[in-house]
2 protein chains.
Amino acid sequence: MIRLSKIADYGIVMMTHLARERRASGEDGNQSSAHEIAAATAIPPAMASKILKLLCKAELLRSQRGARGGYELARDAGAIDVAEIIQALDGPIAITACVEDGDGDCCIEALCPARTNWQKINGAIRDALADISLEDMAQSIPEAFMLDAGQERTRIEKVVE
Amino acid sequence: MIRLSKIADYGIVMMTHLARERRASGEDGNQSSAHEIAAATAIPPAMASKILKLLCKAELLRSQRGARGGYELARDAGAIDVAEIIQALDGPIAITACVEDGDGDCCIEALCPARTNWQKINGAIRDALADISLEDMAQSIPEAFMLDAGQERTRIEKVVE
DNA sequence: ATAAAGAGTACCGAACTGGTCCCCTTTTCC
DNA sequence: GGAAAAGGGGACCAGTTCGGTACTCTTTAT
């Protein structure tokens, strides 16, 4: 099904939340704790924390440790795209194989005409994902949508076809 | 990592093999048994058989039962694209969610602006895959490449980035 | 000094995936 | 007509991955 992992899904939701937070209170400075973010997005706190750490290591978020610490976007929402988020959480965006960890390279790589097709495919996918900024994602999503009190968190993705 | 399942990978390899077979002996009529195909592509016979059945049900292959039966492409190689193959084996091509089997629909679907973004993304991915025909894939791949005698089957995909 | 918060890491259970097996039906060929 | 070849359709198993949790350590504000 070529599906996005839940980690990446959650990551995008949280980043989107932070983008909205920032916009609501002009520019940076005010951070949100993992707790707050988890509550606002209805993502299990421990999970949220784990993912936020990863996003931080990928330099998509800035963190502040200690009491009253928290997270905030490392850059402007318009300068962060979903491809980056997915890559930070799920690894390289590619309809994989070949790069089997370790040995790696395809012995007839140079000869393989299929290779260019796969590169084309992978490239197209990456481009599509790189074309959506966090700002686009954040645009006018009703807050009620992010936290669907009581029941399961509402999914924001929609299958096509 | 957004990876292709092995099923789909195998499927593409076998379809590519059949495309080459057909081209080698002008037009249809001559079928290959699951056994032959498995041997030629170095895919475990039982696996190959399972996948061929699926491809047949998806009407990408035509089958002939009974002794001297086998499989052949249902259409011309130029008229089959990788998107179809992947969809037949892995289900709808989409960076998923929402369609959780059963209940399914996103309660605020109509309001969700993110939805159009995901559709855009999914569409781009599908387009990229639909743009590669089996004929493209089959083009001049040396047969030695399909069966890498002795060792593991060589992977035809190549990661990008 | 204490409490709040992030950093890091180990761990568990459930689901999915790759892979195998078995039995049934169809068809050919002797 | 019967045996063998081949596909059709499942059930089933095992290993890996993934979602999720827990625990300990470091940092920092009050």
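Chain A is the first sequence line, chain B the second, and so forth, proteins listed ahead of strands; every chain is numbered from 1. Both backbone and side-chain heavy atoms feed into the values below; hydrogens, waters and symmetry mates do not.
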Has B/S63 got a side-chain N or O lying under 4.0 Å from the OP1 or OP2 atom of D/dA6?
-> no
Examine C/dT17: is either OP1 or OP2 under 4.0 Å from a nitrogen or oxygen in the side chain of B/Y10? Give yes or no.
-> no
Across the strands shown, which category fits A/L52 at heavy-atom distances under 4.0 angstrom: base, sugar-phosphate, nothing?
-> nothing
May I ask you to say what A/S49 touches in the nucleic acid, namely base, sugar-phosphate or nothing, with a heavy-atom cut-off under 4.0 Å?
-> nothing
State, to 0.1 Å, how close B/T16 and B/A138 come at their nearest heavy-atom pair, and which atoms those are.
-> CG2-CA, 3.6 Å
For B/A38 and B/P45, work out which heavy atoms get closest and say how close.
-> CB-CA, 3.7 Å
Please state how far atom [atom1] in [X] lies from atom [atom2] in [N], giving the value in whole angstrom units.
{"X": "B/L4", "N": "C/dT17", "atom1": "CG", "atom2": "P", "answer": "12 Å"}
{"X": "A/K53", "N": "D/dG19", "atom1": "NZ", "atom2": "P", "answer": "17 Å"}
{"X": "B/K57", "N": "D/dG10", "atom1": "NZ", "atom2": "P", "answer": "6 Å"}
{"X": "A/R68", "N": "C/dG6", "atom1": "CZ", "atom2": "P", "answer": "12 Å"}
{"X": "A/I7", "N": "C/dA15", "atom1": "CD1", "atom2": "P", "answer": "17 Å"}
{"X": "B/I43", "N": "C/dT20", "atom1": "CD1", "atom2": "P", "answer": "12 Å"}
{"X": "A/L61", "N": "C/dA5", "atom1": "CG", "atom2": "C1'", "answer": "15 Å"}
{"X": "B/R62", "N": "D/dG7", "atom1": "CZ", "atom2": "P", "answer": "15 Å"}

Within-4.5 Å side-chain heavy-atom neighbours: A/I86 and A/L4 = yes
Kindly point out which of D/dA5, D/dG7, C/dG6 is positioned nearest to the side chain of B/A34?
-> D/dG7
Can you tell me if B/D90 and B/S5 form a side-chain donor-acceptor pair at under 3.5 Å?
-> yes
Upstream residue (5' side of DNA chain D) when B/G70 and B/K50 are each assigned their closest nucleotide = B/G70
Please say whether more than 12 non-hydrogen atoms of neighbouring residues, nucleotides or ligands are located less than 6.0 Å from CZ in A/R68.
-> no
C/dT25 base to B/R65 side chain: any donor-acceptor pair below 3.5 Å?
-> yes
Record whether the side chain of B/K6 comes under 3.5 Å of the base of C/dG19 through a donor-acceptor pair of N or O atoms.
-> no
